[in-house]
Colleague: 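Here's a structure for you.
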Amino acid sequence: MRFNRDRRGQSVVVGTVVLFGFLILALSLYQVQIVPQENAEVEFQHFEEVRNDLVELRNGILSAGSSERPQFVDVKLGTNYQTRTFTINPPDPAGTLRTSDAYNITIRDDSGTTVNVSTRFIEYRPRYNELESGSTWYDNSVLYLAEAGSNRPAVIIEDQNILVDNDTLRLTAVQNEFSASGTRRVAVEIYPTTNASNLSELNGTLDIRIPTRLGSGDGYWNESIDNGSITYQGIDDSAYPSSSEVSALLLQADSPDNVTVNSVGIQSEPAGETAKDNVGPADKSEGASDPDPPMNNNPSFNTLTATVDDYNNGQDAIREVSVSGNIDNVDSNGDIEIELDYNDGSTNSRKISMNSSFNRIFDTGSGNMGPSSIGVTIVLSDATGDIYTTCTSDSDLTGGGSELNLNDFTCN
């Protein structure tokens, strides 16, 4: 018998090799075509989410400057791709939120008396692997998307809000240096101050120079400002020699009564500035007046929900906690304070201005090091710190996607 002529197992081997080859080819095509498409969808969803976060940040800056109350805004810097078994992902796309260098707002009257106020732009830049996206900028109340190295005009997300009825120029200077990078959520704290400049020393017509990245090529300011008590004087693209990307918006005001300038500080009050009078506890000394007396309307929760988001690694560690709700009889001068009590004895709290609805997301840990259970306490209080109601969860949030509703809290 000659065994070298025995071919009984040859077809099985060949078939196995062919099937294995088809499997490798299918995985390769999935890796090359499907994985990038799915990752691009994740990036686009994050782009929409962070755009909403930046709109809230922009509104928080304007609200802190005008309402004289601190604001707290969460921004999700990056995102995470879905977990894959047989294919691989590139690194999770991170993002950077930062303030720019400082530039002066310059206000000069007829006599030559000049007031300078420092301000900064805010830039958010994502580092996506599939989508091409430029930076989103906050620029004198305008929120817009600008593609790096492109000659195309900026894409406006939120229009300017510095001009009120063509009669009042309301400037909010952004101060303090800030930078954060990664994929996590970052809490941006915005603190108001007293008027950033004393315009009472100015008289007559005012010439105003405001730094802006929307230069003459964008044509934005020319179209958004009509003549009134505030007159558009053009754009000077060479007003700030230290940066070719920063121009000067030139305006003229009929009088100092038509101009208001406030400043806000990112993460802390600007150095050298004084907090607004109604931020923090009111003066309770004899004879002191209460600039914002509490409203006796007894705010209460209409709905209240707390949910968790677990890690997908078989652990019980809690990655994020979302607390949301609706409030009846809102005290617009009051506060909502949310406190999370972790099972290791530590706490995480955040205070926000009271609104009819709220939604705050807390980052609770990294990897599988987050807490395994969390208690939730929410306090509604007035401007002086007096408490309307306190709601404490009867049980803790735990891993596995647990959820607490209003009937799971004891309120008093």
Side-chain angles (χ1 to χ4, degrees), residues 45-46 49-50 52-53 56-57 60 70-83 92 94 180 182-189 267 299-328 334-381 385 387-412:
Q45 290 174 351
H46 173 260
E49 292 172 0
V50 77
N52 294 334
D53 289 344
E56 188 174 347
L57 175 60
Q71 304 291 317
F72 306 91
V73 180
D74 290 331
V75 177
K76 187 71 164 66
L77 297 176
T79 188
N80 303 99
Y81 297 128
Q82 67 183 72
T83 303
D92 288 331
T183 61
R184 70 188 191 282
R185 282 190 175 272
V186 61
V188 182
E189 303 172 5
Q267 305 304 90
S300 60
F301 290 102
N302 181 284
T303 63
L304 182 58
T305 303
T307 59
V308 303
D309 182 10
D310 296 334
Y311 286 102
N312 297 319
N313 60 0
Q315 303 292 329
D316 289 332
I318 299 174
R319 178 176 62 186
E320 290 181 347
V321 171
S322 175
V323 182
S324 60
N326 294 285
I327 298 174
D328 293 330
D335 294 313
I336 306 171
E337 184 171 6
I338 305 170
E339 181 177 291
L340 304 184
D341 298 307
Y342 299 164
N343 60 293
D344 63 0
S346 61
T347 61
N348 187 1
S349 64
R350 189 171 303 165
K351 182 180 289 187
I352 58 178
S353 298
M354 191 183 302
N355 291 293
S356 59
S357 62
F358 67 95
N359 183 14
R360 283 295 177 270
I361 298 178
F362 292 75
D363 238 339
T364 61
S366 174
N368 60 1
M369 300 301 293
S372 59
S373 63
I374 296 177
V376 183
T377 300
I378 307 178
V379 179
L380 302 182
S381 60
I387 295 175
Y388 288 116
T389 185
T390 299
C391 292
T392 303
S393 60
D394 298 325
S395 58
D396 288 351
L397 291 166
T398 59
S402 67
E403 177 176 308
L404 300 174
N405 294 304
L406 182 57
N407 57 2
D408 298 314
F409 287 79
T410 297
C411 300
N412 49 49

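Throughout, residue positions are numbered sequentially from 1 according to the sequence presented.
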Colleague: Determine whether Thr392 and Thr377 make a side-chain contact, defined as any pair of heavy atoms from C-beta on separated by less than 4.5 Å.
Modeller: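 Heavy-atom side-chain distance check passes, below 4.5 Å.
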
Colleague: Atom OG in Ser393, atom CD1 in Ile374: separation rounded to 0.5 Å?
Modeller: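 These two atoms lie 10.0 Å from each other.
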
Colleague: Main chain of Ser372, side chain of Asn343: is a donor-acceptor contact present, judged purely on distance under 3.5 Å?
Modeller: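 Judged by distance alone, yes, a pair lies under 3.5 Å.
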
Colleague: Using every non-hydrogen atom in the two residues, find where Leu304 and Cys391 come nearest and quote the distance to one decimal.
Modeller: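 It is CD2-CB, 4.3 Å.
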
Colleague: Using side chain to side chain contact (heavy atoms under 4.5 Å, CB included) as the criterion, list what pairs up with Asn405, not counting sequence neighbours.
Modeller: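 Counting only residues at least two positions away or on another chain, Asn405 forms a side chain to side chain contact (heavy atoms under 4.5 Å, CB included) with Thr305, Glu403, Asn407, Asp408.
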
Colleague: Would you say the side-chain atoms of Lys76 pair up with the backbone N or O of Thr183, donor to acceptor, closer than 3.5 Å?
Modeller: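 Yes; judged by distance alone, with no hydrogens or angles, the pair exists.
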
Colleague: What is the distance from atom OG of Ser381 to atom OH of Tyr388, rounded to the nearest 0.5 Å?
Modeller: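 If we round to the nearest 0.5 Å, Ser381:OG and Tyr388:OH are 8.5 Å apart.
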
Colleague: Ile318 and side chain to side chain contact (heavy atoms under 4.5 Å, CB included): which single residue from Val308, Asp396, Thr398, Leu340 fits?
Modeller: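 The passing option is Val308.
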
Colleague: Do Asp53 and Val73 come within less than 4.5 Å of each other through their side chains, counting heavy atoms only?
Modeller: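 Of all side-chain heavy-atom pairs linking Val73 with Asp53, none is under 4.5 Å.
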
Colleague: Can you tell me how far apart CZ (Phe301) and OG1 (Thr389) are? Round to the nearest 0.5 Å.
Modeller: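 If we round to the nearest 0.5 Å, Phe301:CZ and Thr389:OG1 are 6.5 Å apart.
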
Colleague: Give the C-alpha distance, both sets of side-chain angles, the deciding distance and a yes or no for side-chain contact (heavy atoms from CB on, under 4.5 Å) between Thr347 and Asp341.
Modeller: CA-CA 5 Å; Thr347 61; Asp341 298 307; 3.1 Å; yes

Colleague: About how many Å separate NE2 of His46 and CG of Leu77, when rounded to the nearest 0.5 Å?
Modeller: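 Rounded to the nearest 0.5 Å, the CG-NE2 separation comes to 7.0 Å.
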
Colleague: Could you measure the distance from the CG atom of Asp335 to the CD1 atom of Ile352? Nearest 0.5 Å is fine.
Modeller: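 Result: 9.0 Å between the selected atoms.
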
Colleague: Do Thr410 and Asp394 get their side chains close enough for a donor-acceptor pair, meaning under 3.5 Å?
Modeller: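 Per modelled atom types, Thr410 and Asp394 side chains form a pair under 3.5 Å.
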
Colleague: Just how far is it from atom CG of Leu380 to atom OG1 of Thr390, taken to the nearest 0.5 Å?
Modeller: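 Leu380 CG to Thr390 OG1: 8.0 Å, rounded to 0.5 Å.
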
Colleague: Does Ser373 reach the main-chain N or O of Leu397 with its side chain, forming a donor-acceptor pair under 3.5 Å?
Modeller: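 Flag not set: sc Ser373 to bb Leu397 has no pair under 3.5 Å.
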
Colleague: Does the side chain of Asn348 reach to within under 4.5 Å of the side chain of Glu339, using non-hydrogen atoms?
Modeller: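 A side-chain contact under 4.5 Å is absent here.
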
Colleague: The criterion is salt bridge (charged side-chain N to carboxylate O under 4.0 Å, His left out); which residues satisfy it with Arg350, sequence neighbours excluded?
Modeller: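 Result, salt bridge (charged side-chain N to carboxylate O under 4.0 Å, His left out) vs Arg350: Asp74.
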
Colleague: Between Glu337 (side chain only) and Lys351 (backbone N and O only), is there a donor and an acceptor less than 3.5 Å apart?
Modeller: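 The answer is no, because no donor-acceptor pair under 3.5 Å joins these two groups.
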
Colleague: Where do Asp92 and Thr79 land on the side-chain contact (heavy atoms from CB on, under 4.5 Å) test, with the steps shown first?
Modeller: CA-CA 6 Å; Asp92 288 331; Thr79 188; over 6 Å; no

